[in-house]
Amino acid sequence: MTGSTASFPKARRLRFGLLLGSCHFSSGTEQFTKNFLLLTMTGKTIFKKIIDREIPANIFYEDELCLAFHDIMPQAPVHFLVIPKKEIASTNDIADEDAALIGHLFCVIRKLAADQGVAESGYRVVANCGPDACQSVPHLHYHVIGGRAMTWPPG
Ligand code: AMP
């Protein structure tokens with residue numbers, strides 16, 4: 001059994017899909033459906049496939065622990081994702097021993113936000129976790145969104 005299949009056994013994959021079925025996606029329903037079908041059929045999330053270079057992505061940063069790539073459906077002029085190479089399904093699945101990894105991800109976010117020109121103007125770091133937050137890919141990822149003024153609270 002591969003690491004990805006072990007991380008997402010079939011029952012858990014189906015539960016994930018059913019819970020997300022109640023989530024309202026203002027856009028990207030087709031994208032969600034593709035992601036869910038891919039996970040259900042192969043046991044690999046779309047982000048694991050990006051890590052394994054099985055599908056293309058606009059990757060602009062990589063180190064031994066993580067990747068950053070531009071979101072395929074950007075919600076702002078700057079919208080990229082930072083993901084760990086380690087398969088962690090969501091914030092709920094972060095282990096105590098992942099503390100250094102998570103700290104590393106935020107150091108990368110800080111550097112990339114500056115590289116992308118939004119450090120001064122400001123940006124939002126978002127980690128959707130679970131159905132109420134409309135998490136659509138069960139591989140931990142941080143959205144970094146900037147380049148426009150945002151409102152609060154989020155929808
Ligand atoms: P979330 O809904 O928080 O799980 O975010 C998943 C994000 O992944 C969404 O913003 C999608 O647009 C993005 N996404 C899905 N597939 C891809 C892909 N192949 N390349 C880049 N971004 C993607």
Side-chain angles (χ1 to χ4, degrees), residues 2-5 7-9 12-63 65-95 98 101-102 104-106 108-113 115-118 122-155:
T2 66
S4 53
T5 309
S7 300
F8 306 111
R12 190 166 177 207
R13 279 180 257 152
L14 289 172
R15 193 170 68 243
F16 174 78
L18 289 172
L19 285 170
L20 273 180
S22 62
C23 193
H24 173 68
F25 287 81
S26 55
S27 63
T29 305
E30 194 183 336
Q31 187 68 41
F32 161 70
T33 305
K34 279 184 199 159
N35 287 345
F36 175 55
L37 285 177
L38 186 66
L39 176 62
T40 304
M41 285 163 21
T42 69
K44 261 194 189 188
T45 70
I46 197 155
F47 290 172
K48 177 62 176 159
K49 285 189 167 255
I50 288 173
I51 292 165
D52 292 344
R53 301 302 200 272
E54 290 173 13
I55 60 170
N58 194 347
I59 297 168
F60 65 98
Y61 176 85
E62 179 171 16
D63 63 29
L65 295 176
C66 69
L67 278 184
F69 50 91
H70 295 287
D71 196 291
I72 204 166
M73 291 203 312
Q75 303 300 314
V78 172
H79 185 176
F80 61 89
L81 303 171
V82 177
I83 69 170
K85 289 182 176 175
K86 179 177 178 183
E87 287 186 276
I88 300 170
S90 75
T91 300
N92 283 339
D93 300 284
I94 295 171
D98 295 323
L101 169 63
I102 302 303
H104 175 74
L105 297 180
F106 274 87
V108 168
I109 288 169
R110 183 197 72 227
K111 286 177 201 150
L112 297 182
D115 291 349
Q116 297 287 315
V118 294
Y123 56 93
R124 194 168 282 175
V125 182
V126 175
N128 294 321
C129 180
D132 275 359
C134 297
Q135 181 184 5
S136 65
V137 181
H139 182 117
L140 182 68
H141 51 283
Y142 293 102
H143 295 259
V144 183
I145 303 165
R148 67 168 170 81
M150 283 168 255
T151 57
W152 191 264

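Keep in mind that what you see is a predicted model, and the values were worked out from it rather than measured. Numbering of ligands and ligand atoms starts at 1, following listing order.
Taking distance alone, with nitrogen or oxygen atoms compared against 3.5 Å, Gln135 stays at or beyond that limit from ligand 1. Note: an N/O pair closer than 3.5 Å links Cys134 and ligand 1 by distance alone. Geometrically, ligand 1 and Leu81 share no nitrogen or oxygen pair separated by less than 3.5 Å. At a 3.5 angstrom cut-off on N or O pairs, His141 counts as close to ligand 1.
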Q: Apply side chain to side chain contact (heavy atoms under 4.5 Å, CB included) to the pair Tyr61 and Asp115, showing each step before the final yes or no.
A: CA-CA 11 Å; Tyr61 176 85; Asp115 291 349; over 6 Å; no
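Contact record, Ala68 with Val82: CB-CG2, 4.1 Å, taken as the closest heavy-atom pair.
A search for side-chain hydrogen bond (donor to acceptor under 3.5 Å, both in side chains) contacts involving Lys86 returns Asp98, not counting sequence neighbours.
Under the 4.0 angstrom criterion for non-hydrogen atoms, Gln75 is not in contact with ligand 1. In this structure, Ala57 does not count as a contact residue of ligand 1, since none of its heavy atoms falls inside 4.0 Å of the ligand. At a 4.0 Å cut-off, not a single heavy atom of Asn58 sits close enough to ligand 1 to count as contact.
Gln135 contributes a side-chain N or O that, together with a main-chain N or O of Ala89, makes up a donor-acceptor pair within less than 3.5 Å. Although no hydrogens or angles enter the test, the distance criterion places no donor-acceptor pair under 3.5 Å between the side chain of Arg124 and the main chain of His143. For His79 (side chain) and Ile72 (main-chain N/O), no donor-acceptor pair under 3.5 Å exists by modelled atom type.
When each atom of ligand 1 is checked for a heavy atom of His143 under 4.0 Å away, the hits are 1 (P), 3 (O), 5 (O), 7 (C), 10 (O).
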